[in-house]
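Notes follow once the structure below has been shown.
A note on names: the letters A, B, ... follow the listed sequences, proteins ahead of strands, and every chain is numbered from 1. Treat the numbers as computed from the prediction; the structure is a model and nothing was measured.
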Amino acid sequence: MNHLWLIIRREYLTKVRNKSFIIMTFLSPLIMIALIVLVAYLSQMNSNKDRTICILDESGQFSGAFTDTEHTKYRFLDGMDLNAAKMHVQAKEDYGLLYIFASGDSSISYTGSKFYTKESPSLTIVSDLESKIEKRLTELKLVQDGLDIQKIESLRVNVTIGQESFEGQKTSKVESYLKLAFGGAAGYLLFMFIIIYGNMIMRSVIEEKTSRIIEIIISSVRPVQLMMGKIIGTSLAGITQFVIWVVLGFALTLAMSTVFGVDLVQMNTPQSEMIQQGLQQAEAQGELQELMIAFFNLPILNLCVAFLFFFLGGFLLYSSLYAAIGAAVDSETDTQQFMMPIIMPLVLAVYVGAFTVIEDPHGTVSTIFSFLPFTSPVVMLMRIPFGVPIWEQILSFLILVGTFALTVWFAAKIYRVGILMYGKKPSYKELFKWLKY
Amino acid sequence: MNDVLVAESVSKHFGNFKALNEVSINVPKGSIFGLLGPNGAGKTTLIRIINQITMPDSGKVLLDGSALKPSDIQNIGYLPEERGLYKSMKVGEQALYLAQLKGLTKKDAKQRLQYWFEKLEIGDWWNKKIQELSKGQAQKIQFVVTVLHKPKLLIFDEPFSGFDPINASLIKDEILQLREEGATVIFSTHRMESVEELCDHIALIHKSNKVLDGKLVDIKRQFKTNTFEVGLQTHNADSVINDIKGRFEVLPATFKSLNDDIKLNVRLKDGTASNDLLRYLTTIAEVHHFVEVIPTANDIFIQTIKNN
């Protein structure tokens, strides 16, 4: 026990004191945030450019359909033919020319339109123009058929279906999205954590082999102790790094957005302009409230406890395999062929989680995958926000722990033999033989 | 016999390969025990079994009369042949860590390290990283770490490789000193001159079997051929040589001497005393050199391996 503690301590301290670890810890959130801010800032610059769109309306039906917004101005050109209009727009260096064809006869009809620009226009602007034309045409047609537009507007109803389970638990669509976000984030976090820190464990095993200290160490401690100490120490270092990332990331976002005046929440892009318009119509206040209610409706305690258990279980399961791989090879370049069987179930878990859980969180496929030990941590974490019976969670966790015990036994065998093997890269057949040594 | 370590018919397989076949050795207390054998004979496997790194398939190992148990790692110091240290860790910190793994308290470990660092004049390395040291310098640290917890059994696998002659003799003196203080040493090497110099007992392992063991002196006695190096001064060398050849078996000799006219190795038949030869030689020439040929460890090694 004392030995295990010493090993954990050494592993943790060497990882945390390592220069590249420190640089990674403090620099990567900085770089990430800087990038996000840069992108936000640039796209803001991009869309903040004022533009004028000229309209040559030969049908004469759209005079009121285009209203200026903050950055986009519309100007109608009268008494010009198409060529003159094109020349005009080019001369004034306006953004583009919307040419609406003349209607065939006196009745309301739309025969087509064209948008002329110097370079290919932004998609959002084109679809914005399209929707404006569509709206006006619909209105005109409604009027022509003798329908009162105002009346139609007032008759329009907004439906949201309240959801409730038979046990009386109320849910809503917003809540479903929130659940997906929580489950997805937890599953993805675990996925990333396994890949980053699993690799770190593997590298540190390889380092012990290549520096030839391994035989000195294992004449003092049992290989299993060394392996567990490594896994635990590295995990602790990983958790430290993760926590620092989260805290730093949060603080930096806050700081940078104040300093540069970039409002990350309300980026001013054409998209957001439209979304805002939509939101104003909807009861924005109500949705926020709904979101809060939905948040508190989540099984938060269950979520936290399950997160802790499945996260640890999943990470330990995979990291013992990473340690075994590290022991089996001499250098990192040799690890490729053994990485596939580890990465595959992990990627499978994330995809299955992403697709089937959205479709039906309690469907057959997602249920099965939330019990299979190599995918269960990720998939179960994604399912839990939707309410998974406690007995299912416990059963899945027990299967996970059982498998963990098995992989540790397996990994310890490989580890014990592998750390003293130098030279050629072993094949799977040889690994299997090692189990019997 | 007062044996510190006894291995009784230890066998070990790796798959189909038999690494050790019923090997038994007895290591007497206070001895320097040479574990010899060609490459791949199974020495390292045996050493690893003694260190409980590998478990034997059958047979048992006794330390001080009782079967090996996990706590015995505190009683053994092992310097493996494949050895290294954490490259990016500081010398002092690393030595402390390894000492603590051997069961020393931090305070004890620090005290003893200071003693050793002063003794080997490496005190100013404490805050250096291993990668800043040369290979030989790092080996010194490994040696210190091996002996720091004052184990009763020390196992050195090729301890002198990587050392320059000065440091090699420094380490050799330290090993002898540790023996004086009561430690028993198992010593695995290919360098027969250090076997000659240090070992009082040896065991020879060849192709997974023990083929020879015992006191070095006894083994040498066993291997002696009753041959004597003879250096003579005379005026008529040819007739003297012919005379000797007529009575004894004569072999060419390679020993160094200053100004002998005749250099011969003379082999005596069983039952002939060396005095008989000497008495005869004094009658025919002036004897300058008369020494029994003692088989070297090297001769014994090569001869035994060839015969098996």
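Counting non-hydrogen atoms of neighbouring residues, nucleotides and ligands closer than 6.0 angstrom, the CE atom of B:M55 exceeds 12 such neighbours. Annotation for A:F309: atom CZ does not count as buried by contact number, only 12 or fewer foreign heavy atoms lying within 6.0 Å. Around NZ of A:K19, the count of heavy atoms belonging to other residues, nucleotides or ligands within 6.0 Å does not exceed 12. Within a 6.0 Å sphere centred on CZ of A:R9, heavy atoms belonging to other residues, nucleotides or ligands number 12 at most. Crowding of A:M339 atom CE: a count of heavy atoms from other residues, nucleotides or ligands under 6.0 Å exceeding 12. The number of heavy atoms from other shown groups lying within 6.0 Å of NZ (B:K207) does not exceed 12. The environment of CD in B:E121 is sparse: at most 12 heavy-atom neighbours from other residues, nucleotides or ligands sit within 6.0 Å. Around atom NZ of B:K110, no more than 12 heavy atoms belonging to other residues, nucleotides or ligands sit under 6.0 Å away.
Chain B forms the most heavy-atom pairs under 4.5 Å with one residue out of A:I217, A:L13, A:V221, A:T14, and that residue is A:I217. Between chain A and the residues B:I73, B:L98, B:L101, B:N51, the largest count of heavy-atom pairs under 4.5 Å involves B:L101.
Looking at B:E81, neither its backbone nor its side chain comes within 4.5 Å of chain A, counting heavy atoms on both sides. Heavy atoms closer than 4.5 Å to chain B are found in both the backbone and the side chain of A:S219. Heavy atoms of B:Q52 lying under 4.5 Å from chain A are absent altogether. Heavy atoms of B:K90 lying under 4.5 Å from chain A are absent altogether. For a residue to count as touching a neighbouring chain, one of its non-hydrogen atoms must lie under 4.5 Å from one of that chain's; by this rule A:R222 does not touch chain B. Interface residue B:Q142: only side-chain heavy atoms are found under 4.5 Å from chain A.
A:I7 and B:Y97 make their closest contact through CG1-OH, 3.5 Å (heavy atoms, listed as atom of the first residue, atom of the second, distance).
With A:E215 as reference, B:I53 is the one residue of B:I47, B:L79, B:I53 to meet the side chain to side chain contact (heavy atoms under 4.5 Å, CB included) rule. Screening B:K102, B:Q100, B:Q74 against A:S220 for a side chain to side chain contact (heavy atoms under 4.5 Å, CB included) leaves a single residue, B:K102.
Taken to the nearest 0.5 Å, the CD1 atom of A:I213 stands 8.0 Å off from the CE atom of B:M89.
Between A:I218 and B:Y78, the closest side-chain pair of non-hydrogen atoms is not below 4.5 Å.
Salt bridge status for B:K87 with A:E207: absent, with no side-chain N to carboxylate O gap under 4.0 Å.
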